[in-house]
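Throughout, protein chains are lettered first and strands after them, A, B, ... in sequence-line order, and every chain is numbered starting at 1.
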Amino acid sequence: MTGRGRPRKEKSPDSKLSKSRTRPQQTKTSPPRRAARTEKETKTTNGPKKQDPQKPDHTEEKPSAQKTRKGKTTNHFMEETNVQCRTPRDSPAPKTSSTQRSALETKATRSSTPKEKSSQKTKEKESTCQATFQKEPAKKLVTQPRTPQGPAETYGVRAKANGCLSDEITAKQTKTLKDIRRVSVHEKATNALTKMKQVSFEEKVDTTLHMTLKNLKIKKKDISCASEVVNEIQRHVIKHLKQNTICFKDVEEPLRTGSYYENLKISNPDEFDVMLPIPVDRVNIEPFGSDGAFYSVGLKRGKSSLQKFEEEFEDNSILSATKMLEEFRKEVKECLKECKEWTMTKKKRGCPAVTLTTTVQAVPISLDLVLCLGVKSSWPSFTKDGLKIEHWLGSKVKQEYKRKSYYFVPKYEGRGTAENDGIPAKDVWRISFSHIEKAIIKNHGSEKTCCEKAGTSCCRKDCLKLVKHLLHLLKEKNPSFDKFCSYHAKTTLLTSCCSRTSDTDWKASDLSPCFQLLLDDFCKHLRNGQLCNFFIPSQNLLSGPGAKMCGNLADCIKEQCEKGFPIFQQELKMY
DNA sequence: CCAGGCTAAACAAG
DNA sequence: CTTGTTTAGCCTGG
């Protein structure tokens, strides 16, 4: 890893190439990064997950981790009493002595005196959390959340998530007055306990979320390593396209899109998305299908370097996405001959990207090169009701965006042979506004200074990272969710930002409630089976997964919310 | 076109 | 916590 820090401008492409060629050997001799990391940063790194989230490996670790939790509750309780605001979640055991109980009560009243029942507002949490992060071992944070019918039952009271006391009273109606009085005494105690537990529960959620976010951060060193090789191959490919091809020689500056370049990448800098735009002017576009997301693209008459990709259909000709992508693949493959450390993955049907993979320090990295057409004219009419950012970012900003180009990527859905007006799906293009998404994410505040160093910081991006991560983990656990993707999360965030437009709706200190509100929004979309493309409202992004799966996912998310995100806690446990 | 300045984010130190 | 440093990526003015 030494010597990586030197300024890139000093390197000539050639020297870099030769250097890279030797790298595979280096990786063999040098210890895998995971091992190297354990010296220092083990607690915050995501080592175990490193290689391949899809591998079932990690499932082995979970049961054992669960075991360690069992039977430690009493001990755990004693430990916890030393920590301010960190009250037992697993319970006061039924046998809790009166002294212990009163200690708890006083603590409850002292530490928080919660006036409102369900205090969604969790103020000044951050300081507590921050301290917790540094001092407390992670294992402490990962105890099982209090189950709905928790130990409170031992007091003859049904403890509900929100402690609805009226229920409890009706349950006792048949009892004698004496009993009721006795109960009410207990109620008092329980009430305090319940409230205390709520605080504890919410705090625990808050801590879990912050810890999770912390673990999702990508290491500076990893960024350096990955970006060096990724930038190098990018430059190489672009140079090749410009110098050695005719049809792609007009390729413009790459549009670096996707999570990494939006600072939304989580866990590892292992996926890079780059769009390579070929400018086209004066095109005829025709919607393919009814939702306005796919189009056939015809070149207007006149010579063009793209003419060789035209297909004749009835009276006009269109640019065949498949042909063009094939040629692009061929050219990229050609330049990989000089970059042996990169390999190209097999073509996936309907996929717009040519995916290149390599490993840096034993860590796999993939780079998606997406050929696209850049269109400078005004956006198609299907976008008319999209991008409703007026109240959030302002209409000037909107106009600014709408003046920009838009792009087409060679992506189709379903079988390539499906026809529409005689045009096969494999020859159509999907519209893309990735550059606008990136611009919005980068400039996401209602106030211009949002998240700038002089301004107030918000939690919009953190919320999105968490939703993405949650979705990722749920998909890992349940492969039937594979039709859901991070774009659903992103679109949900953008949509939610348009309804909660103020920066104060997303205060950085309100991460937990904001995140859960965002999940609420997501679940609502899922239950309705409808999530509109942010730019093309007529396209429903949830038509793919189907109603049943949407319902299932919403159930899973709801469960996670109610239980305090055990799926995150389980992960934290591993570090 | 590209050098140099700027920003966001990670990170280290106090 | 605050402050400063480093880095990659981005933007811009000459």
> Considering the terminal five base pairs at each end of the helix from dC1(B)-dG14(C) to dG14(B)-dC1(C), what angle separates the two local helix axes, rounded to 10°?
Replying inline: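 Inter-axis angle at the termini of the helix from dC1(B)-dG14(C) to dG14(B)-dC1(C): 20°.
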Atom pair distance, as rounded to whole Å: [atom1] in [X] and [atom2] in [N]:
X	N	atom1	atom2	value
Ile223(A)	dG9(C)	CD1	P	8 Å
Lys448(A)	dT7(B)	NZ	C1'	17 Å
Asp222(A)	dA8(C)	CG	P	12 Å
Ile266(A)	dA9(B)	CD1	C1'	16 Å
Glu228(A)	dT6(C)	CD	P	19 Å
Lys220(A)	dA8(C)	NZ	C1'	10 Å
Lys217(A)	dA8(B)	NZ	C1'	12 Å
Asp273(A)	dG9(C)	CG	C1'	16 Å

> Which pair of non-hydrogen atoms, one from Leu306(A) and one from Cys247(A), has the smallest distance, and what is that distance?
Replying inline: CD2-O, 3.5 Å
> How close do Leu325(A) and Pro352(A) get, heavy atom to heavy atom, and via which atoms?
Replying inline: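 Heavy-atom minimum between the residues: CD1-O, 3.7 Å.
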Going by atom type alone, with no hydrogens or angles, which donor-acceptor pairs under 3.5 Å involve a side-chain atom of residues 495-506 of chain A and a protein atom two or more places apart or on another chain?
unit_1	atom_1	unit_2	atom_2	d
Thr495(A)	OG1	Thr491(A)	O	2.7
Ser496(A)	OG	Thr492(A)	O	3.0
Ser496(A)	OG	Asp521(A)	OD2	2.6
Ser499(A)	OG	Ser496(A)	O	3.1
Arg500(A)	NH1	Asp521(A)	OD2	3.1
Arg500(A)	NH2	Asp521(A)	OD2	2.8
Ser502(A)	OG	Thr504(A)	N	3.0
Ser502(A)	OG	Thr504(A)	OG1	2.6
Asp503(A)	OD1	Ser446(A)	N	2.7
Asp503(A)	OD1	Arg460(A)	NH1	3.2
Asp503(A)	OD1	Arg460(A)	NH2	2.8
Asp503(A)	OD2	Ser446(A)	N	3.4
Asp503(A)	OD2	Glu447(A)	N	2.9
Asp505(A)	OD2	Thr501(A)	N	3.4
Asp505(A)	OD2	Ser502(A)	N	3.1
Trp506(A)	NE1	Arg500(A)	O	2.8

>> Between His444(A) (side chain only) and Ile441(A) (backbone N and O only), is there a donor and an acceptor less than 3.5 Å apart?
In response: yes
> Between the main-chain N or O of Cys335(A) and the side-chain N or O of His236(A), is there a donor-acceptor pair closer than 3.5 Å?
Replying inline: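 Yes, His236(A) side chain to Cys335(A) backbone: donor-acceptor pair under 3.5 Å.
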>> Of the listed nucleotides (dC10(C), dA10(B), dG9(C)), which one gets closest to any side-chain atom of Lys438(A)?
In response: dC10(C)
> To the side chain of Lys219(A), which of dA9(B), dC10(C), dC11(B) is closest?
Replying inline: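 My answer, after comparing the listed nucleotides, is dC11(B).
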> Cut-off 3.5 Å, side chains only: do Gln399(A) and Ser395(A) have a donor facing an acceptor?
Replying inline: no
>> Using side chain to side chain donor-acceptor pair (under 3.5 Å), reason through Glu338(A) and His240(A) one step at a time and then give a plain yes or no.
In response: CA-CA 11 Å; Glu338(A) 295 163 60; His240(A) 173 84; 5.4 Å; no
>> Within residues 251-265 of chain A, which residues have any heavy atom lying less than 4.0 Å from an atom of DNA chain B?
In response: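 Hits under 4.0 Å, by residue number: Asn263(A).
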Phosphate OP1/OP2 of [N]: any [X] side-chain N/O under 4.0 Å:
X	N	result
Lys453(A)	dT7(B)	yes
Ser224(A)	dA8(C)	yes
Lys221(A)	dC11(B)	no

>> Pair Phe328(A), Phe248(A) - check ring pair (Phe, Tyr, Trp, His ring centres under 6.0 Å), show working.
In response: CA-CA 8 Å; Phe328(A) 179 67; Phe248(A) 302 124; 5.7 Å; yes
>> Run Ser377(A) and Tyr406(A) through side-chain contact (heavy atoms from CB on, under 4.5 Å) and show every step you take.
In response: CA-CA 8 Å; Ser377(A) 56; Tyr406(A) 64 96; 4.3 Å; yes
